[in-house]
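Just so you know, these numbers use all the heavy atoms, side chains as well, and skip hydrogens, waters and symmetry mates. Position 1 is the first residue of the sequence, and the numbers go up from there. Both counts, for ligands and for their atoms, begin at 1 and track the order of listing.
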Amino acid sequence: MRKKVVAGNWKMNMTVCEANDLVDKLKSPCNVSDVEVVFCVPFTDIYTVSERIKGTNIGLGAQNFYYEDKGAFTGEISANMLCELRVKYVIIGHSERRVIFKEDDDLINKKHIKAHKVGITPILCCGEPLEIRENKTYFDFIEKQICSAFNGINKNEAMKTIIAYEPIWAIGTGKTATSDEAEEVCGFTRKLIGKLYDDETKDVIRILYGGSVKADNAKEIFMKVNIDGGLIGGASLKEEFGKIVNYNK
Ligand code: PGA
């Protein structure tokens with residue numbers, strides 16, 4: 001049985017004061033044991049959120065890092081810097097990083113390898129833009145992203161990676177993929193992992209869906225056999241996130 005994951009991606013939202021207020025509201029509904037809950041917060045909120053969730057089951061995540069250890073990389077944050085702040089998860093390859101900040105498959109692969117080296121769980125995003133969905137080449141598109149991201153990742157590491165399928169046309173648009181559309185790609189991705197590794201890895205790896213998940217559609221999506229939870233943007237900034245975490249109650 002794969003444990004469900006519900007991860008909030010706060011993106012570039014929440015000053016320290018706002019983050020403290022939000023965590024105070026979400027702490028109790030999110031302190032559950034049947035679902036793995038993660039708050040992926042901006043760098044500037046990591047310290048305060050880490051202090052505020054102490055003693056709960058909530059995991060702390062970052063949204064990015066650079067794969068080098070240290071040096072002349074102005075504006076960047078290393079994986080070791082995150083580890084020292086008790087960060088346990090990191091989002092890699094989010095479409096906003098790929099599209100706006102021009103991160104390519106090679107950089108994403110390097111970050112994926114580095115996250116495992118330091119023992120941070122990668123939440124590795126993949127997902128196609130609208131034109132690829134419309135011309136129906138999305139399986140090829142996802143396969144290329146996944147094969148590249150897992151290059152040089154061994155089986156033990158692969159089993160720990162969390163994949164998030166996030167079709168770009170569904171992010172922040174209010175246009176959710178139907179649960180069947182989400183399941184189709186998550187099932188395809190799971191089979192692909194089986195081909196790249198083996199049946200055990202395929203059965204253990206967690207694959208999430210992301211893109212306009214809300215309290216009223218979470219249950220239908222999370223009940224699909226190949227979907228192990230969600231990566232939540234907009235709705236993670238509200239009390240609604242507690243309802244998504246408790247989708248099965
Ligand atoms: P959304 O974002 O829930 O606001 O669509 C999801 C994401 O980008 O991770």
Legend entry - Subset of ligand 1 atoms that lie under 4.0 Å from at least one heavy atom of G211: 5 (O)
Inset, instruction - Give every residue pair that meets the ring-ring contact (aromatic ring centres under 6.0 Å, His included) criterion with at least one member in residues 153-185, sequence neighbours excluded. - result: none
Inset, instruction - For ligand 1, find out whether one of its N or O atoms is nearer than 3.5 Å to an N or O atom of G233. - result: yes
Legend entry - For G234, atoms of ligand 1 separated by under 4.0 Å from a heavy atom: 1 (P), 3 (O), 4 (O)
Inset, instruction - Assess whether side chain to side chain donor-acceptor pair (under 3.5 Å) is satisfied between T137 and N135, documenting all intermediate values. - result: CA-CA 6 Å; T137 56; N135 73 22; 2.6 Å; yes
Legend entry - atom 9 (O) of ligand 1: the protein heavy-atom neighbour that sits closest, reported with distance to 0.1 Å: E166 OE2, 2.7 Å
Inset, instruction - Give the C-alpha distance, both sets of side-chain angles, the deciding distance and a yes or no for side chain to side chain donor-acceptor pair (under 3.5 Å) between E103 and H94. - result: CA-CA 9 Å; E103 292 196 8; H94 191 279; over 6 Å; no
Legend entry - Region of A164 that comes within reach of ligand 1 [heavy atoms, distance under 4.0 Å]: neither
Legend entry - D203: salt bridge (charged side-chain N to carboxylate O under 4.0 Å, His left out) partners, not counting sequence neighbours: none
Legend entry - Those atoms of ligand 1 less than 4.0 Å from some heavy atom in K11: 2 (O), 7 (C), 8 (O)
Inset, instruction - Indicate whether any N or O donor in one side chain lies under 3.5 Å from an N or O acceptor in the other, for K214 and N217. - result: no
Inset, instruction - Using a 4.0 Å heavy-atom threshold (strictly under), name the region of N9 that reaches ligand 1: side chain, backbone, both or neither. - result: side chain
Legend entry - Atom indices of ligand 1, in the order listed, that fall short of 4.0 Å to a heavy atom of H94: 7 (C), 8 (O), 9 (O)
Legend entry - Nitrogen or oxygen atoms of T173 and ligand 1 under 3.5 Å apart: no
Legend entry - Exercise: do Y89 and E36 side chains pair donor with acceptor under 3.5 Å: yes
Legend entry - Other residues, nucleotides, ligands: >12 heavy atoms within 6.0 Å of K70 NZ: no
Inset, instruction - Please work out which of the three classes, parallel, tilted or perpendicular, describes the rings of Y197 and F150, given edges at 30° and 60°. - result: perpendicular
Inset, instruction - Mark up the atoms of ligand 1 that fall under 4.0 Å of a heavy atom belonging to A170, in ascending order. - result: 5 (O)
Inset, instruction - Within a distance under 4.0 Å of any heavy atom of G172, pick out the atoms of ligand 1 and give their elements. - result: 1 (P), 4 (O), 5 (O)
